[in-house]
Number of protein chains: 4
Amino acid sequence: MSAGRMEAFSDGVIAVIITIMVLELKVPHGADAAALAPLATTFLTYVLSFIYTAIYWNNHHHLMHAVRHVTGATLWANMHLLFWLSLVPFVTGWMDENHFAPITVAAYGLVLFFAGIAYFILTRVLLATHGRDSPLAKALGNDVKTKVSLVLYLGAAMLAFVQTWISLAIYVLVVAMWFVPERRFERLSAEHKP
Amino acid sequence: MSAGRMEAFSDGVIAVIITIMVLELKVPHGADAAALAPLATTFLTYVLSFIYTAIYWNNHHHLMHAVRHVTGATLWANMHLLFWLSLVPFVTGWMDENHFAPITVAAYGLVLFFAGIAYFILTRVLLATHGRDSPLAKALGNDVKTKVSLVLYLGAAMLAFVQTWISLAIYVLVVAMWFVPERRFERLSAEHKP
Amino acid sequence: MSAGRMEAFSDGVIAVIITIMVLELKVPHGADAAALAPLATTFLTYVLSFIYTAIYWNNHHHLMHAVRHVTGATLWANMHLLFWLSLVPFVTGWMDENHFAPITVAAYGLVLFFAGIAYFILTRVLLATHGRDSPLAKALGNDVKTKVSLVLYLGAAMLAFVQTWISLAIYVLVVAMWFVPERRFERLSAEHKP
Amino acid sequence: MSAGRMEAFSDGVIAVIITIMVLELKVPHGADAAALAPLATTFLTYVLSFIYTAIYWNNHHHLMHAVRHVTGATLWANMHLLFWLSLVPFVTGWMDENHFAPITVAAYGLVLFFAGIAYFILTRVLLATHGRDSPLAKALGNDVKTKVSLVLYLGAAMLAFVQTWISLAIYVLVVAMWFVPERRFERLSAEHKP
């Protein structure tokens with residue numbers, strides 16, 4: 001099967017996720033300067049989750065660019081990734097409503113951790129059907145960034161019970177690390193002009 | 001008419017259904033351990049409905065893969081399926097908010113039953129326009145799994161008034177049964193390379 | 001410009017409209033038989049609005065099938081149609097929450113009336129760029145059904161202040177009238193195989 | 001990379017934005033004439049934000065029509081634009097719920113200002129990869145309208161603290177200015193038939 005419809009469905013799901021998040025963040029009642037302080041936190045939380053979702057879409061886009069065909073297993077691995085991404089608005093809202101209580105900050109990290117695991121599984125399933133010499137395998141390489149992120153997410157989730165600001169700093173750090181576009185796949189595009 | 005736009009519209013509707021479900025499930029107010037118990041049920045309910053919707057998308061994707069053309073009747077049969085799927089977030093939320101009261105568990109089963117009926121009608125409408133010797137007809141076969149699911153949904157809906165946990169166990173059972181990808185259509189893909 | 005992206009955007013908007021409607025309809029608190037009576041009305045209202053939105057998507061799909069190119073004016077005429085359709089969840093929810101108060105039943109009819117006007121304008125804009133002898137012009141014909149619907153919507157909106165059940169009966173009547181697929185365009189497809 | 005999937009994702013995000021806005025605007029409880037006055041303001045606010053979002057989709061559509069390829073930088077510039085557009089429902093709801101309090105009217109203008117900046121950045125990123133002699137560069141020209149809009153948005157945001165109705169009048173003025181379709185890109189389409 002070609003990947004077209006799986007991409008279209010993923011685009012739809014991620015488009016809804018990235019947009020409804022803003023609905024989850026409650027508009028402050030009141031319109032004076034005092035209403036602005038909680039709004040700033042709400043806004044920054046939204047920015048963080050927006051960028052995380054955007055990073056996943058970008059990486060997904062780059063990844064699928066090197067994919068030639070999908071199987072039933074690919075569809076489920078992709079659905080698994082979308083499942084964890086769909087929880088991002090939930091944990092974002094929970095964290096924001098409870099003023100960054102430790103358990104909510106940990107939940108945020110765990111959802112990112114499982115989304116990372118799901119992305120890793122998706123790349124392994126794709127590698128299994130494309131072979132070790134495929135352009136996909138070359139572009140993925142040893143995928144250090146994904147593995148480092150997984151360790152950081154899990155560490156941040158645990159550190160939330162010690163000091164939530166450390167966890168939040170780690171979330172921002174991982175964002176910064178991924179913000180750089182995936183040059184591996186762009187190089188691939190340049191070499192193998194479709 | 002080609003099936004392209006009907007697929008795109010279905011992707012859009014199912015993408016919204018699968019994502020808004022998480023909005024329906026209310027975030028618990030409070031962030032201590034006591035808030036986690038109801039959250040666990042909410043989470044598992046969401047997982048169940050997510051997988052059901054994912055199964056329908058997967059089956060729809062596999063089914064449409066063998067479809068060559070659609071008619072006005074196909075569009076309505078497909079819309080009918082989307083209608084019942086669109087009620088999944090509604091019954092999921094109702095069941096979760098009312099702590100699995102019998103009537104809500106039965107409603108959940110009924111919506112799954114009618115979605116199953118709608119899927120069955122869609123396959124019949126497609127068969128009518130593709131002929132008994134088409135690749136679609138061969139791939140569908142006698143479709144035992146769909147028929148067994150219908151009986152189980154209806155049974156679970158009725159048993160909800162006796163013991164809701166039996167119904168819930170049946171819902172999980174059907175999920176497990178469908179989780180296996182549709183090998184019938186993958187075999188078809190392998191034989192008739194597009 | 002080709003119509004592809006205008007179709008994709010319309011699919012997205014209509015997919016969201018048809019799905020979020022179910023979120024607007026409030027789940028009844030309570031899970032006994034007494035909670036079922038208001039639920040029945042809510043359900044039937046949702047069915048009505050779902051079918052109306054489905055009819056618009058179907059007609060839009062059939063219409064665009066005969067369209068060869070779009071202009072800036074087409075984009076705006078289409079956006080105008082999507083605007084009125086986007087109000088369907090709003091008036092559905094308003095009508096349902098206020099137990100079919102006359103003003104809400106009239107508002108429902110007015111939104112359908114303006115959506116009908118917008119659809120009519122869209123066909124005129126398309127005709128202007130396709131010419132009187134185009135397959136599109138032949139398929140549209142004199143478009144009696146659209147014009148009759150407009151009169152019925154406006155009549156129902158006004159009659160809501162006399163007796164709301166007459167208005168609701170008219171809304172069901174128009175649905176029945178449009179439920180029949182657009183044979184005009186299917187005939188066109190049969191004649192001009194792409 | 002081709003622009004197809006970036007367009008599809010943008011269509012999805014903008015489709016959700018333009019549709020969920022109507023959910024943010026609260027349905028008035030009550031169904032008599034007294035409930036209509038606030039409804040009128042709510043309706044007009046929705047119309048304004050709907051048209052703004054529609055203008056961005058139209059311009060995006062026209063712009064991408066002249067684009068031949070996208071890079072990682074384009075994806076992020078586009079995501080940045082979608083971020084600011086995703087805040088439109090938020091500021092629309094905040095402004096409407098607080099009866100056009102100065103700070104909310106200013107926030108509305110600021111979001112439009114940053115969306116305009118993001119659109120401008122997107123055109124610069126695209127120009128950088130398409131060259132000064134490309135059809136895209138010719139179609140964009142010196143882009144006076146975008147620059148004038150930016151000044152007007154920022155001016156309106158500041159004037160909100162003096163007199164909110166001046167700001168609102170400016171928002172309507174900019175809408176009127178952009179309502180005219182982008183003839184630059186249509187001319188391009190006529191010259192370079194694909």
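Protein chains get the first letters and strands the later ones, always in sequence-line order, with residue 1 at the start of each.
Heavy-atom minimum distance, D/D11 versus C/F9: O-CD1, 3.7 Å. When all heavy atoms are compared, the tightest approach of D/F50 to C/S86 is CE1-OG, 4.0 Å. The two residues D/A15 and C/G12 have their closest heavy-atom pair at CB-C, 3.7 Å.
The number of heavy atoms from other shown groups lying within 6.0 Å of NE2 (D/H99) does not exceed 12.
Proximity to chain C (any heavy atom under 4.5 Å) is shown, for D/I17, by neither the backbone nor the side chain.
Counting heavy atoms from C-beta outward, C/R5 and D/W57 have side chains that approach closer than 4.5 Å. D/T19 places a side-chain heavy atom less than 4.5 Å from the side chain of C/I20.
Note that CD1 of D/I51 is 10.5 Å distant from CE of C/M79, once rounded to the nearest 0.5 Å. In this structure, CG on D/N58 lies 5.0 Å from CH2 on C/W76, to the nearest 0.5 angstrom.
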Should C/L75 and D/H62 be marked as a side chain to side chain contact (heavy atoms under 4.5 Å, CB included) after you check the CA-CA gap, both sets of side-chain angles, and the distance that decides it?
-> CA-CA 10 Å; C/L75 296 185; D/H62 279 100; 3.8 Å; yes

Working for side chain to side chain contact (heavy atoms under 4.5 Å, CB included), residues D/V22 and C/L87 = CA-CA 7 Å; D/V22 80; C/L87 290 176; 3.8 Å; yes

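The aromatic ring centroids of C/F83 and D/Y46 lie less than 6.0 Å from each other.
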